[in-house]
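Have a look at the structure below before the remarks.
Chain naming here is simple, since letters A, B, ... match the order of the sequence lines and numbering starts at 1 in each. Keep in mind that what you see is a predicted model, and the values were worked out from it rather than measured.
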Amino acid sequence: MAQTLSREQHLDLYYYMRLNRSLEERMVRLFRQSKIVGGLYSSLGQEGISVGTAYALEARDWMAPMIRNIGALLVKGCKPRDIFTQHMAKYTSPTLGKDGTSHFGDLKTKHIVSPISMLGDLIPVLAGVGIAGRYLGQKIVAMTWIGDGGTSTGVFHEGMNFAAVQRAPLVCVVENNQWAYSTPVKRQVPIRNLAERAKSYGIASAIVDGNDVLAVYQAAKDAVERCRAGDGPVMIEAKTHRMRGHAQHDPAEYVPKAMVEYWTAQDPIGRYEKYLTNAGLWNEKKKAEIDARIERELDEDQKFAEESPLPPAELAEQGVFCDGCHEIKARWERPVEEVTPPRCSIEMDGWTVEDFGQLENIETEKMESVAVSKLAPSDQRSENVSGDAKSGVRSGGQKNTGAKSPARHPLRKGKN
Amino acid sequence: MAQTLSREQHLDLYYYMRLNRSLEERMVRLFRQSKIVGGLYSSLGQEGISVGTAYALEARDWMAPMIRNIGALLVKGCKPRDIFTQHMAKYTSPTLGKDGTSHFGDLKTKHIVSPISMLGDLIPVLAGVGIAGRYLGQKIVAMTWIGDGGTSTGVFHEGMNFAAVQRAPLVCVVENNQWAYSTPVKRQVPIRNLAERAKSYGIASAIVDGNDVLAVYQAAKDAVERCRAGDGPVMIEAKTHRMRGHAQHDPAEYVPKAMVEYWTAQDPIGRYEKYLTNAGLWNEKKKAEIDARIERELDEDQKFAEESPLPPAELAEQGVFCDGCHEIKARWERPVEEVTPPRCSIEMDGWTVEDFGQLENIETEKMESVAVSKLAPSDQRSENVSGDAKSGVRSGGQKNTGAKSPARHPLRKGKN
Amino acid sequence: MAAVTMVEAIRQALSEEMERDPAVVLIGEDISVYGGAFKVTEGLLNKFGWERVIDTPISESAIIGAAVGMSYMGLRPVAEMQFIDFLACAFNQMTNFVAKSHYRWGAPVPMVVRGPSGGGVHGGPFHSANPEMYYAHTPGLKVVYPSTPYDAKGLLKSAIRDNNPVLFLEHKFLYRRIKEELPEGEYTVPLGKAIVRREGADLTIISYAAMMHTSLEAAEKLAAEGISAEVIDLRTLMPLDKETILASVKKTSKLLIVHEDTRTGGIAGEIAAMVCENAFEDLDGPIQRVTSLDTPVPYSPPLEERFLPGVPDVMRAARELAQY
Amino acid sequence: MAAVTMVEAIRQALSEEMERDPAVVLIGEDISVYGGAFKVTEGLLNKFGWERVIDTPISESAIIGAAVGMSYMGLRPVAEMQFIDFLACAFNQMTNFVAKSHYRWGAPVPMVVRGPSGGGVHGGPFHSANPEMYYAHTPGLKVVYPSTPYDAKGLLKSAIRDNNPVLFLEHKFLYRRIKEELPEGEYTVPLGKAIVRREGADLTIISYAAMMHTSLEAAEKLAAEGISAEVIDLRTLMPLDKETILASVKKTSKLLIVHEDTRTGGIAGEIAAMVCENAFEDLDGPIQRVTSLDTPVPYSPPLEERFLPGVPDVMRAARELAQY
Ligand SMILES: Cc1ncc(C[n+]2csc(CCOP(=O)(O)OP(=O)(O)O)c2C)c(N)n1
Ligand SMILES: Cc1ncc(C[n+]2csc(CCOP(=O)(O)OP(=O)(O)O)c2C)c(N)n1
Ligand SMILES: [Mg+2]
Ligand SMILES: [Mg+2]
């Protein structure tokens, strides 16, 4: 519940959303001054999702952002200078200029995996992170984001299904912002709620008003807790709208004007400011203080970025392979004896086949009167929609045949 | 309804199932005699699915088999010799020995697309066939099969989603035979009914007793009609069991004995024979006649195959490219003027965005009392399963916003 | 006629072929209303309608798969990858379904896959791919990579009419940077034929796509130094025009290959081996390569500049070879 | 010690590494209860349990993706492709996520992808792949393709301990056809080092995997004809051991490269170019290639036999070269 957030935390959410927006506004100006290398994507109007979901993570948790998740990076501890320098391709950027935009990460302390451009690829990667974390005894959760369009990729499907089978601690946030580049969601995915897809993986899901940062936070918090408890992946669909073109070069003329107007009124920061005021959680002075702090920080980091050098050309030749530059070490939080012989020969719950298939469960009428109910006539097709249109969470369809009670660690039974 | 099948058609179904089985039994013997090149897959116990589904197709319709769909190939007009020669890699085989097993097709007359080994690839290919058929005015349906394991592939997802968006005339038969190689379905797909996946594409689906050839036929017939009427793809889940190992080399020790026994009693041919007898559709003599005909045909074709030569070595070097060896011609069954300027500038139904997203439809309670319903506690997880366990057909979740009535041709409106 | 860009030339090829043959259809992401990420298909929706300019979900495997299916029905689909980098997501369909179809079971696949390729525009590691060798190394595919608007138009027309799958790479650096007047009437440029862009006597420089312009510029400057370089534009990488290459090597006795693809496993190696096999005695010096680095394509301008071969790199190698 | 097959040697490597380092885990299709399609992982489930021998759905992209994720957590996953052909389905993850990770953002990916490769067992077009060049051409990946049980074990151990992604190809024709006694104690074979399998004076034959045995057999027979062939087994294709290659070429002055991969774009071209660049003056004859045909792998035995290089093909080329 939102009540569980302290005043400070409430203000934190505002801080990050506003920081996200002001940072991006500055980058638009820098883009117009040709100081940004390559494209610039905007998360205008979607700040509540990035910030609300990432705020539900703990420091030990892992995440991987997509192009519109600068807010999540900030919440997870990245600094505006990271974003500025990445976009300006500077030597001081986290990737030293080798990659741009939000394509950076931090394995050691912030636990961030860098995305790649190919949509959907992060899903199995973060599933792997979650499974590895469980194996190491770390009790971490892995979170990543994907767009409505990204759910069409094959790798999204493979990753979600694998995560579901493994009951990996993975939170997948689907940002349904109505568009994938120029393609409206209805031409991308022929269903109303993307969260429907969770059912096809037998996992829990929630649909949430993406422009309500508190609702987003709450759904994410629930999802993270569920994951951490070992209950498997959760998919959160956050409804929102992409308020700018796909990137700076795109005037988005294909978006109906009225649609933009409608969603402008739903601005997540505006709505949240009103809430904070009504709830007496701040006053003008406090707001001014935060805003001033943000400007200060941004001034400083923008200056840092602008004054930073570009990388030296020789860098291009370096680093294809890791030749001893990294020490690779797993952080064990359980005794390694548990996973080394002879103690690791543990049995797995739920592998053995206890039933013989589902023939008994389906209507096997006598052959003579075989009467498979006919396909619904086409004009009744859309009536049968049983989509849960509420903001809320549905339990997945997983049928736990065999298992006595939901195991915390789905791979272990008895023994250790 | 089964009643609509004539006596002859009823016997046809028997003929094909028995032909399928006897053919494969012979191939097992040939395999043991080392006359088969490469692996040999068995569809024992799944003949009802191949035969029942393919029997719902018309000559003009297209299909692409998977490894256990020899029955479908026979129904579509392939001869046992095609199967024998393919498996023996003979020069007289449809592929001249260049590929084996059921990896062959026929574009010109039988309308069969050759599969490749990579599971799932056929789904978008057959979607393309269906879309092209619609474009050409052919009113065809495209059918293909996939295993429970194959539904885990990314390309399955991409193909189904694309077919759904396009409302392509595609029938996808999911043969849930409980195993993918050694992997039981519950470790492959964390849901009870694979047909659930249809919902995530907003398309119609049916679950059917795969060992009941009439039920299979009926479901397929309904699906084919629905597709032909322009109502979009259908997924049929046929529950069955793989009665042998993955291929001849696999003793399938991982399959519980009792499971095999259970399913042996469900043998689709045995069940159907009983039905034919009870329904008075044949007698001993008729059965003997059919069986004899099958043996005759198989004798002849096996002999043909065994006596056929292997291909000449030089053939290996030929045919990478089509250098005028094929004439490529589309079979137009609508006036080409409809698709050439100026008449082809037609509008599409359902592209324009009429709504602004779903925010109104989800519970957007006042911020102050934000109360996203909590995630179900973990021990209630498996209670919420709302899986439709009945044999029957469910309508897809597609919400047809905007469209006045389901368009026959979803891409056209008004005009022609 | 006004000079046109490569984008416009490609659009003309698509439009003319679609007019000529109703079996030609387009399929890809954001190609209809939006006209494609680089606006190559702009205006074609209005001309040819929704059935022939087919927008897809973000599903490269479905795009390639559906295109194969369409081609089996006698259509000639032209599939667009938003960036050619994303063809990696359909690699299996391309190399296993598409490429092997005709050989395996005699089913021709008359389709074209096209998309923006190459670097030099700070696209970074995922928007700068030169994937030609993945596909040239796959028997069953043809690979085209033009360097001029004229060739782009003529080769795309040939590709569409070809009965085989053709990967048609469009260098995005060249999309709008060069213009050329095109002939009034219809013309095609045959697949599999290289062209001598510049005659020369001292050495042969083989290149294609953006690097062809780099090579030509280097050749001009070398001429000022008294080195006469012959420049060959491959245009088609598969099938490779061995005749044109060998004829030139026999004439100049020295060979330099310049490509933007990474070095190891690039087409320079293939050409080197082919020339060794067929013209070893004619060689008066070691075959040389000027290529990109064996790294991903870096993002920051100074890094990408170091990554890509430049005019000075070509000149240095050519000078050394000429003096050999 | 009894002689062991390559399958057994690989299994030993996996088992010993898993014992040595709990960070080593296996992931793939049917690798646990069933022990893998070729039984390479048989018995490992019982020894190391479900958490370390992870069965997956039929999802190659998820396998590779999850393995990367695990490696970011400090694990050293070894992913099995049921047949290496299916790595095509994870091509994007391999070439874009895995290969570029360390270069782009300094995140090492200590993982191994292994699987049965190669032809000669009538596997047909989809179970006979030699995909080495797709990956050797991708900066950031190492590629290993051993020819003996000893090397397979020692190289796999090195691959697992390497901080970089390694594609470890196992020629299925060799899986059970050759046996070798392995040393008692622990040993490794370093990546990136070729080995001279046979000393010779007249020409150098470079090969690897199954073709190494073909080449050796040819060399034996050539010796009887008075032709002394040196045979080099590359073992690692990326990084390529240029030193060993060049040293041999300098010695014999003639080079023949034999590979089972298709001809165009195979590694022979890369080696030819490299040798031209570094030892042109040492060459006394044209570098020659004996390779598979530029076709998919056909199914029927006579076709596959024609497709694959055989001992007579190697001998013919070697004779010609020796006489040059
Ligand atoms: C596999 C792949 N195909 C195509 C693209 C090109 N592309 C980049 S973003 C984008 C649209 C993404 O839409 P969505 O997933 O809804 O995210 P949004 O941009 O709305 O945040 C496309 C098509 C890509 N990055 N990856
Ligand atoms: C993409 C891909 N990965 C792996 C394989 C290897 N393989 C062949 S059949 C099979 C199991 C298929 O199971 P299922 O789809 O259920 O079909 P069934 O064999 O039960 O008919 C596997 C893993 C493959 N053919 N394609
Ligand atoms: Mg979107
Ligand atoms: Mg199965």
Side-chain angles (χ1 to χ4, degrees), chain C residues 60-61 85-96 99-100 103-104 124-126 129 131 133-134 136-140 238-240 255 257 261-281 283 285-289 293-299 324, chain D residues 60-61 85-96 99-100 103-104 124-126 129 131 133-134 136-140 238-240 255 257 261-281 283 285-289 293-299 324:
Chain C
E60 285 76 14
S61 283
D85 309 60
F86 304 134
L87 188 53
C89 303
F91 185 78
N92 173 49
Q93 289 273 7
M94 272 301 275
T95 60
N96 283 313
K100 297 177 179 169
Y103 183 79
R104 286 200 308 118
F126 308 111
M133 283 313 285
Y134 293 133
H137 180 51
T138 305
M238 173 54 62
L240 196 60
L255 178 58
I257 306 151
D261 192 5
T262 52
R263 188 179 194 80
T264 302
I267 198 158
E270 179 58 31
I271 295 172
M274 189 277 288
V275 170
C276 276
E277 282 160 353
N278 294 285
F280 183 72
E281 289 300 328
L283 287 174
I287 300 171
Q288 293 291 310
R289 309 184 267 187
L293 300 176
D294 272 334
T295 71
V297 186
Y299 191 61
Y324 188 90
Chain D
E60 285 75 14
S61 283
D85 308 61
F86 304 135
L87 189 53
C89 302
F91 185 77
N92 173 49
Q93 289 274 7
M94 272 300 276
T95 59
N96 284 312
K100 297 176 179 169
Y103 183 78
R104 285 199 310 117
F126 307 110
M133 283 313 285
Y134 293 133
H137 179 50
T138 305
M238 173 54 60
L240 195 62
L255 177 57
I257 306 150
D261 192 4
T262 52
R263 188 177 193 82
T264 302
I267 198 159
E270 179 57 32
I271 295 172
M274 189 276 288
V275 170
C276 276
E277 283 162 352
N278 294 285
F280 183 71
E281 289 300 327
L283 287 174
I287 300 171
Q288 293 290 310
R289 309 184 267 186
L293 300 177
D294 272 334
T295 71
V297 186
Y299 190 62
Y324 189 90

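Across all their heavy atoms, C/Asp294 and D/Pro139 have their closest contact at O-CB, 3.3 Å.
Proximity to chain C is absent for every atom of D/Met94, based on heavy atoms less than 4.5 angstrom apart. D/Asp261 touches chain C through its side chain: at least one heavy atom from C-beta onward sits under 4.5 Å away, while N, CA, C and O do not. In this structure, chain D has heavy atoms under 4.5 Å from both the backbone and the side chain of C/Thr295. Proximity to chain C is absent for every atom of D/Leu87, based on heavy atoms less than 4.5 angstrom apart.
Interface check for chain D: of the options C/Glu60, C/Met274, C/Gln288, C/Arg263, the most heavy-atom pairs under 4.5 Å are formed by C/Arg263. Contact count versus chain D (heavy atoms, under 4.5 Å) is highest, among C/Cys276, C/Pro296, C/Gly265, C/Gly140, for C/Pro296. The residue among C/Ala273, C/Pro286, C/Ala272 with the most heavy atom pairs within less than 4.5 Å of chain D is C/Pro286. With chain C as partner, the option from D/Ala136, D/Ser61, D/Ala90, D/Cys89 having the largest number of non-hydrogen pairs under 4.5 angstrom is D/Cys89. Between chain D and the options C/Thr138, C/Leu293, C/Leu240, heavy-atom pairs under 4.5 Å are most frequent for C/Thr138.
We find the OG1-CD1 distance between D/Thr264 and C/Ile271 to be 11.0 Å, quoted to the nearest 0.5 Å. The CD atom of D/Glu277 sits 4.0 Å away from atom CZ of C/Arg289, with the distance rounded to the nearest 0.5 Å.
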- side-chain contact (heavy atoms from CB on, under 4.5 Å) between C/His137 and D/Thr262, worked out: CA-CA 8 Å; C/His137 180 51; D/Thr262 52; 3.4 Å; yes
- Show the numbers, then the answer: is there a side-chain contact (heavy atoms from CB on, under 4.5 Å) between C/Asn96 and D/Phe126? CA-CA 7 Å; C/Asn96 283 313; D/Phe126 307 110; 3.7 Å; yes
- Item | CA sep, side-chain torsions, deciding dist, call: D/Ile287, C/Phe280, side-chain contact (heavy atoms from CB on, under 4.5 Å) | CA-CA 8 Å; D/Ile287 300 171; C/Phe280 183 72; 5.8 Å; no
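Contact check for D/Lys100 versus C/Pro125: side-chain heavy atoms found under the 4.5 Å cut-off.
The aromatic rings of D/Phe91 and C/Tyr134 sit perpendicular to each other, their planes meeting at more than 60°, with 30° as the lower class boundary.
Within the 3.5 Å criterion, the main-chain N or O of C/Gly269 finds no donor-acceptor partner in the side chain of D/Glu270.
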